[in-house]
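Chain A is the first sequence line, chain B the second, and so forth, proteins listed ahead of strands; every chain is numbered from 1.
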Number of protein chains: 2
Amino acid sequence: MSEPKPLPDTRERILDAAERLFMESGYEGTSMRMITGEAEVNLAAVNYHFGSKEALLREVFRRRLSWLNRERLSALNELEEKANGEPLKPSAILEAFFGTLLRMGTDEALGGMTFLRLLGRTLTEPADFIRAFFAGEYAEVVERYKRALFRALPEVPHEEIIWRFHLMLGAMSYAIAGTDALQIVTGCELDMNNEGPDAARQLAERVMPFLLGGLRAPLPPFQVSKEQQSTTEPTKAA
Amino acid sequence: MSEPKPLPDTRERILDAAERLFMESGYEGTSMRMITGEAEVNLAAVNYHFGSKEALLREVFRRRLSWLNRERLSALNELEEKANGEPLKPSAILEAFFGTLLRMGTDEALGGMTFLRLLGRTLTEPADFIRAFFAGEYAEVVERYKRALFRALPEVPHEEIIWRFHLMLGAMSYAIAGTDALQIVTGCELDMNNEGPDAARQLAERVMPFLLGGLRAPLPPFQVSKEQQSTTEPTKAA
DNA sequence: AGATTAGTCAAACGTTCGTTTTAATCATAT
DNA sequence: ATATGATTAAAACGAACGTTTGACTAATCT
């Protein structure tokens, strides 16, 4: 009924196997027998240690998100302390929010790319209990960062900021989750390996400028149509 | 064995029900009994008309993607004819590629927002047969648009263009698929209804500037860190 | 009319699912 | 050593899954 004991490694082995398999095959596409098979534990062990398959998925995420939430909050706190009441730079906010996430991908002890890809995929999973779980897990952090962005961009309507926050989350999640899926769609190899710390580092270098460019794009006054504002290509930063 | 006959509406009713349910609950989360129940047809009708659940999903997409592919190609052809051999404007390419997609969301006869959201979600579904299917469906169109982007941005490395194409696809798919999911995460209502033509029109106005901003962002020379290139907020377009 | 076919229907097929049960095993503290 | 509580093990549970069968209906063609 309780878990005060340090426990052997059965719990961790299950969590690791579930993390990898959920990433690879999705929640509904992964059976308990696949998980216990890969973890080399008895089938009943999952229900004994976690109670149910749903609770297992939640625990897979809690184990990682508790670190991520803590780190994201402390990164923002640090920025705000240094700023002495001044609004933050948008780029610094993004660096804190997404940079923290990408740092998980470089550290195998924090789940590495496996967890990053699982996270990106699961955000679009339709199951109700998954959505409800994420809502609770993310609420505080997102609220803090939203507020910071409002202050950093005082002339931009809040609604527009929230939209772009959505879009940045989407681009990042997709970039993380769908690397190989998108490579199939676009038919390009992109010569990056999806595993390991290098992948996360490449992601950071590629994605952050894109996100910043999107966040600072001209506001939509009326319609995006015929006469566009400019045709300049991406400027080479010195 | 063949289907030359016009057939009653059983096929269409199954396709419509499957489209909606796959969108709502995902492929693995939707059972044949849910589909035939919603379509008010016999359970065996799916296997009779389509052969299997996998084949049904493929047909759900084929019915819409054949239109989308045709339209995207003809939009690009028209642009290139008008351009008389000159490279196209990146904004025009995006308008052709994503604008065509978003136009599906305003037309209920083409699937409307239901299909748009299904498409966005399914691109991240891990099942192998789904990925293989999309690879085949998208190959030609993506190849054409990639080439157009290469010509439109001659000074940008091809690899970078492909990356940003990925990222734009991701932001768009996520924006379409995850509207309510992301609203839960960010705790904001965004006062848009997810259904109907208005949603697609709003999406276009909000997302297209973001995508253009990302596409034209400064290239990553070294690292995105401490000293950012600028802190300007989104400029208000007159 | 009778023969043929496409389509529908209820029922059942064998599997696999998540979960539960019951007993055996292990560690530790008395 | 023995009792106790935590963990593992093997087997089975009922439910739900995708699919198939075989009888029945309605339309089509000669």
A.B. asks: Ring centres under 6.0 Å, that's the criterion: do A:F165 and A:F150 meet it?
C.D. replies: no

A.B. asks: Are the side chains of A:T36 and A:I14 in touch, meaning some heavy atoms are under 4.5 Å apart?
C.D. replies: no

A.B. asks: Given side chains that start at C-beta, do those of B:L167 and A:M172 come closer than 4.5 Å, heavy atoms only?
C.D. replies: no

A.B. asks: Give every pair of a protein N or O atom and an N or O atom of nucleotides 23-25 of chain D that lie under 3.5 Å apart, one pair per line with the distance.
C.D. replies:
none

A.B. asks: Does B:N42 have a side-chain nitrogen or oxygen under 4.0 Å from the phosphate oxygens OP1 or OP2 of C:dA10?
C.D. replies: yes

A.B. asks: Is the distance between the ring centroids of A:Y138 and A:Y145 under 6.0 Å?
C.D. replies: no

A.B. asks: Report yes or no: does A:S25 contribute a side-chain atom to a donor-acceptor pair with the main-chain N or O of A:F22 at less than 3.5 Å?
C.D. replies: no

A.B. asks: Are any of B:H49's side-chain N or O atoms less than 4.0 Å away from OP1 or OP2 of C:dA6?
C.D. replies: no

A.B. asks: Hey, can you pull the residues of residues 31-39 of chain B with a non-hydrogen atom under 4.0 angstrom from DNA chain D?
C.D. replies: B:S31, B:M32, B:R33

A.B. asks: Are any non-hydrogen side-chain atoms of B:R11 and B:R63 less than 4.5 angstrom apart?
C.D. replies: no

A.B. asks: Using a cut-off of 6.0 Å, state whether more than 12 heavy atoms not belonging to A:E78 lie near its atom CD.
C.D. replies: no

A.B. asks: So, do B:Y48 and B:V41 sit near enough that their side-chain heavy atoms are less than 4.5 Å apart?
C.D. replies: no

A.B. asks: Do you know which two heavy atoms are closest between B:E125 and B:R131, and how far apart they sit?
C.D. replies: O-CG, 4.0 Å

A.B. asks: How many whole angstroms separate atom OH of B:Y27 from atom P of D:dG18?
C.D. replies: 8 Å

A.B. asks: Compare side-chain N and O positions of B:T10 against OP1 and OP2 of C:dT8 and report whether any pair is under 4.0 Å apart.
C.D. replies: yes

A.B. asks: Within residues 14-21 of chain B, find the residues that approach DNA chain C with a heavy atom at under 4.0 Å, and present them sorted by residue number.
C.D. replies: none

A.B. asks: Which whole-number value in Å describes the distance from A:L43 CG to C:dG18 C1'?
C.D. replies: 8 Å

A.B. asks: Mind running side-chain contact (heavy atoms from CB on, under 4.5 Å) on A:L149 and A:F97 for me, showing each step along the way?
C.D. replies: CA-CA 11 Å; A:L149 282 173; A:F97 190 83; over 6 Å; no

A.B. asks: Between A:L56 and A:N47, is a side-chain contact (heavy atoms from CB on, under 4.5 Å) present by the stated rule, with each step listed?
C.D. replies: CA-CA 8 Å; A:L56 170 62; A:N47 285 287; over 6 Å; no

